[in-house]
Amino acid sequence: MMAVPSKLLLADIAQNCSSIPSNFIRPISDRPNLHDVKTSDASIPLIDLQGLTGPGRSKLIKEIGAACLKDGFFQVKNHGIPEAVIDDMLCVSKEFFHLPESERLKKYSDDPMKTCRLSTSFNIKTEKVGSWRDYLRIHCYPLEDFVHEWPDSPPCFRQVVSEYCKSVRELALRVLEAISESLDLERDFMNKVLSSHAQHMAINYYPPCPQPELTYGLPGHKDPNVISLLIQDGVSGLQVLRDGKWVAINPEPYNLVLSNGKYKSVLHRAVVNSNSARISIPTFYCPSSDAVIKPPGSLVDQEHPSIYRSFTYAEYYEKFWDHGMNSESCLDMFKAT
Ligand code: OGA
Ligand code: NI
């Protein structure tokens, strides 16, 4: 009998397995302990961005600053992204992951430096244990540089995703202004330090998993960018570490979850479940490759020297893909000597 060729994408592996393949099983000391997770409650910060225009602005900026300082993430409503744009984005993503295997494989790559690729787990070239996820990762700013690389199936993919990317970028810029002000920096401080800016997006697809206690959709990590803006379908899975406890951030329709690395980058993870596939779509707003990462001059003096040497975002990004999910942070590699 001929050996069945092994499948590249998890969606096609997961389809007919009743237990998870051994390369997905985490050691006992590193499992999700799902019974030990708190469900989100009213204490999860929810920020109404309506107030950004008008007399309530400075109060809202304090609220955003407090959420960044204490939690490193918050949810937003009245964020200006039309509900139809979110619905269409989630819908076309679901359609994409339900395309025939041969169609999806056209975009497959295991090279993290590719600007448009469908891949699986995190980085199969460097990791020891797999994660229960397939993902399409694309670059989306400037749109005209990248849109031609994106999938052209489903036929409306490029148009729907472009609309979403434009809306989410406007939101990111407004929030970055608020964050700059909350740090007593000029309103356009973040805008300026990001050089010519970049925007990446993942569309994560987590198939149902027969043994969700043994594996992760994504293990605990910190995102390697300035701010992440996430939408999710109706299925739970996102968890953040808060006061030493994992807390589930259950989906609220049309709310976005934001996290950022300026104050404190929140440790978060995705878990899977045995009933439903799940889609989440994080946008990673980031500096362009040439941007130099260093603390603002106003925060450094003889008593508070730079902890890290300065580095370009390109250097940092490459290290993240080599080491990202294995360690707390790859920043250690940039410690000043
Ligand atoms: C990520 C991520 C969380 C989720 O893709 O970086 O943290 O809920 N995703 O899928
Ligand atoms: Ni993340």
Side-chain angles (χ1 to χ4, degrees), residues 10-11 14 32 34 37 39-40 44 71-76 86 89-90 93-94 96-97 112 116-124 127 130-140 164-165 168 172 198-209 212 215-242 246-262 264-273 276-286 316-317 320-321 323-331:
L10 177 64
L34 297 171
V37 170
T39 44
S40 47
I44 299 293
D71 296 295
F73 80 99
F74 49 97
Q75 300 189 77
V76 291
I86 294 178
M89 182 65 215
L90 287 166
S93 301
K94 186 169 176 184
F96 175 81
F97 280 99
C116 172
R117 63 197 171 97
L118 177 63
S119 202
T120 193
S121 190
F122 174 67
N123 181 355
I124 56 167
E127 69 201 8
S131 291
W132 202 260
R133 164 182 89 142
D134 287 335
Y135 63 104
L136 179 69
R137 208 170 191 291
I138 60 178
H139 287 211
C140 5
Y164 178 74
C165 288
V168 92
Q199 181 181 348
H200 304 170
M201 184 164 74
I203 305 179
N204 293 319
Y205 178 73
Y206 304 101
C209 174
T215 195
Y216 290 110
L218 271 179
H221 68 280
K222 295 175 177 182
D223 290 346
N225 47 283
V226 174
I227 186 169
S228 303
L229 304 91
L230 180 129
I231 54 170
Q232 42 187 338
D233 67 6
V235 182
S236 299
L238 175 65
Q239 302 182 346
V240 301
L241 192 67
R242 204 164 182 248
W246 287 102
V247 181
I249 306 297
N250 293 326
E252 283 293 331
Y254 308 117
N255 285 359
L256 276 86
V257 183
L258 283 78
S259 73
N260 88 92
K262 180 65 195 177
K264 174 183 160 194
S265 194
V266 69
L267 195 64
H268 61 286
R269 64 186 191 178
V271 299
V272 289
N273 74 87
S276 319
R278 169 172 185 260
I279 287 177
S280 73
I281 307 175
T283 290
F284 306 109
Y285 208 78
C286 47
Y316 178 74
Y317 190 72
F320 170 78
W321 281 99
H323 298 273
M325 305 263 159
N326 298 334
S327 56
E328 256 274 284
S329 163
C330 58
L331 256 186

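Residue numbers run from 1 in the order of the sequence given. Each ligand, and each atom within it, is numbered from 1 in the order the structure gives. The figures that follow rest on heavy atoms only: side chains count, while hydrogens, waters and symmetry mates do not.
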Next item on the list: For Tyr135, enumerate each residue passing the ring pair (Phe, Tyr, Trp, His ring centres under 6.0 Å) test, keeping only those at least two apart in sequence or located in another chain.
Entry: none
Note to self: A side-chain contact here means heavy atoms from C-beta on lying under 4.5 Å apart; do Phe122 and Arg133 qualify?
What the structure shows: yes
Short N or O separations between ligand 1 and the protein, below 3.5 Å:
from	atom 1	to	atom 2	distance (Å)
ligand 1	5 (O)	Asn204	ND2	3.0
ligand 1	6 (O)	His221	NE2	3.1
ligand 1	6 (O)	Asp223	OD1	3.2
ligand 1	7 (O)	His221	NE2	3.1
ligand 1	7 (O)	His268	NE2	2.8
ligand 1	8 (O)	Arg278	NH1	3.2
ligand 1	8 (O)	Arg278	NH2	2.9
ligand 1	10 (O)	Tyr206	OH	2.6
ligand 1	10 (O)	Arg278	NH1	3.4
ligand 1	10 (O)	Ser280	OG	2.5

Check: Is there side-chain contact between Leu136 and Phe97, with heavy atoms separated by less than 4.5 Å?
Finding: yes
Check: Using the benzene-type ring in the case of Trp, are the ring centres of His200 and Tyr317 under 6.0 Å apart?
Finding: yes
Checklist line | Within residues 248-257 or reaching into it, pairs that qualify as salt bridge (charged side-chain N to carboxylate O under 4.0 Å, His left out) - sequence neighbours excluded | finding: none
Check: Does Trp246 reach the side chain of Arg269, with side-chain heavy atoms less than 4.5 Å apart?
Finding: yes
Note to self: So, with waters excluded, how many protein N/O/S atoms does the Ni ion (ligand 2) have closer than 2.8 Å?
What the structure shows: 3
Note to self: Could you check whether any side-chain heavy atom of Gln239 comes within less than 4.5 Å of a side-chain heavy atom of Leu34, counting everything from C-beta outward?
What the structure shows: yes
Check: With a 4.5 Å heavy-atom cut-off, do Thr215 and Cys209 have their side chains touching?
Finding: yes
Check: With a 4.5 Å limit on heavy-atom distance, are the side chains of Asn273 and Tyr206 in contact?
Finding: no
